[in-house]
Enquirer: 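Structure incoming, see below.
None of the values given here were measured: they were computed from a predicted structure. Proteins come first, then strands; the chains are lettered A, B, ... in the order of their sequence lines, and each starts at number 1.
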Protein chains: 2
Amino acid sequence: MSKSVSVLTPGETVACCSPLVSSPLPQETAEQIAPLLKALADPVRLRLLSLVAAHADGEACVCDLNDAFDLSQPTISHHLKVLHESGLLERSKRGVWVFYRVQRAALADLAALIGGGL
Amino acid sequence: MSKSVSVLTPGETVACCSPLVSSPLPQETAEQIAPLLKALADPVRLRLLSLVAAHADGEACVCDLNDAFDLSQPTISHHLKVLHESGLLERSKRGVWVFYRVQRAALADLAALIGGGL
DNA sequence: TCAAGACATCGACAACCTTCTATGTCTTAG
DNA sequence: CTAAGACATAGAAGGTTGTCGATGTCTTGA
């Protein structure tokens with residue numbers, strides 16, 4: 001599918017193209033990062049994450065989160081599961097309640113990757 | 001769907017919940033940001049963006065990008081369209097070729113939002 | 001022991017996404 | 001003018017996602 005370019009001298013490279021200056025994301029890396037972004041790429045999950053982050057001690061219980069949306073409890077539970085399995089939310093059960101806490105490091109890594117020209 | 005909480009004094013708030021300490025993302029904001037993240041949340045598009053960013057003068061032509069993937073030309077064209085319409089890639093046509101350039105500001109904004117606790 | 005409540009899982013359905021092939025639109029070279 | 005090449009659009013197939021109601025699993029209080 002890709003045209004061989006190895007026999008061309010620099011001056012002969014196709015007219016439209018400029019050379020690479022830094023190395024692009026390897027496919028493997030891209031496939032690791034995409035699921036993280038996918039987990040983040042939903043308005044409900046963005047608000048969930050932000051709601052958890054906004055809580056006093058950095059964690060919020062599900063009962064609290066459920067009431068913040070006009071969505072069924074299973075739907076919220078599903079979104080929390082997605083965020084948890086992607087590594088963006090940490091989970092801990094205390095008594096009858098389940099608490100979620102933001103994994104700041106994961107968010108920071110993502111931000112660094114996006115902010116730093118990829 | 002949400003229980004009213006306005007009549008409770010601080011001491012009466014339900015046992016499981018801690019108060020908010022900073023304000024969570026408004027729904028409207030979340031719905032503006034999610035599409036941006038969605039555009040980013042695909043391995044092919046991540047690599048496309050990174051490929052463009054990695055080019056010498058900050059832009060790359062489609063012919064160049066096509067050859068970097070084992071995907072059909074229309075598929076690449078589609079992904080570029082998604083990135084362009086979301087505001088992450090700028091487009092310019094010169095002669096027969098079309099060049100794409102990364103919109104650094106959009107990426108920086110996203111990174112700031114994600115990195116700064118949302 | 002039993003009932004109630006908090007949360008998760010299941011199965012279904014509609015909407016959407018990725019990819020393809022086929023085809024269209026421009027632009028340039030001859 | 002015509003042919004070739006670069007890129008976009010259209011339409012379809014198959015997989016994935018968001019949401020729901022129904023139901024299951026734990027934990028606690030009575």
Enquirer: Would you tell me if any nitrogen or oxygen in the side chain of A:T75 comes within less than 4.0 Å of OP1 or OP2 on D:dC20?
Expert: yes
Enquirer: Is A:R91 touching bases, backbone alone, or none of the nucleic acid, heavy atoms closer than 4.0 Å?
Expert: sugar-phosphate
Enquirer: Identify the two heavy atoms, one from B:S23 and one from A:A54, that lie closest to each other, and give their separation to 0.1 Å.
Expert: C-CB, 4.4 Å
Enquirer: Mind calculating the distance between NE2 (A:H78) and C1' (D:dG18) to the nearest angstrom?
Expert: 6 Å
Enquirer: Would you kindly compare A:K93 and A:P74 by the position of their nearest DNA chain D nucleotide and give the one closer to the 5′ end?
Expert: A:P74
Enquirer: Rounded to the nearest Å, what distance is computed from the CD1 atom of residue A:I76 to the P atom of nucleotide D:dT19?
Expert: 8 Å
Enquirer: Using side-chain contact (heavy atoms from CB on, under 4.5 Å), reason through A:L37 and A:I114 one step at a time and then give a plain yes or no.
Expert: CA-CA 10 Å; A:L37 288 165; A:I114 295 176; 3.9 Å; yes
Enquirer: With a 4.0 Å cut-off on heavy atoms, is B:H79 in touch with a base, just the backbone sugar-phosphate, or nothing at all?
Expert: sugar-phosphate
Enquirer: Between atom NE2 in B:H84 and atom P in D:dC7, what is the gap in whole Å?
Expert: 15 Å
Enquirer: Main chain of B:E59, side chain of B:R101: is a donor-acceptor contact present, judged purely on distance under 3.5 Å?
Expert: no
Enquirer: Are A:K81 and C:dA8 close enough that a side-chain N or O sits under 4.0 Å from OP1 or OP2?
Expert: no
Enquirer: Which residue lies toward the 5' end of DNA chain C, A:Y100 or B:K38, if each is placed at its nearest nucleotide?
Expert: A:Y100
Enquirer: Nearest whole angstrom, please: distance from the C1' of D:dC7 to the CG of B:L65.
Expert: 12 Å
Enquirer: Please state whether the phosphate of C:dC7, meaning OP1 or OP2, lies under 4.0 angstrom from any side-chain nitrogen or oxygen of A:S77.
Expert: no
Enquirer: Whole angstroms only, please: what is the CH2-C1' distance between B:W97 and C:dT27?
Expert: 11 Å
Enquirer: Separation of B:D42 atom CG from D:dT17 atom C1', in whole Å?
Expert: 14 Å
Enquirer: Would you verify whether the NZ or CZ of B:R91 falls within 45 degrees of the ring axis of B:F99 while also being under 6.0 Å from that six-membered ring's centre?
Expert: no
Enquirer: Measure the shortest side-chain to side-chain distance between A:R47 and B:T29 over non-hydrogen atoms and say whether it is less than 4.5 angstrom.
Expert: no
Enquirer: Rounded to whole angstroms, how far apart are CG on A:D70 and P on D:dT19?
Expert: 12 Å
Enquirer: Mind calculating the distance between CG (A:L40) and C1' (D:dT17) to the nearest angstrom?
Expert: 16 Å
Enquirer: Measure distances between side-chain N and O atoms of B:Q73 and base N and O atoms of D:dA8, and say whether any donor-acceptor pair falls under 3.5 Å.
Expert: yes
Enquirer: Side chain of B:S72 only, heavy atoms from C-beta on: which candidate in C:dC7, C:dT21, D:dC7 is closest?
Expert: C:dT21
Enquirer: Over all strands shown, is A:R45 touching base, sugar-phosphate only, or nothing at heavy-atom distances under 4.0 angstrom?
Expert: sugar-phosphate
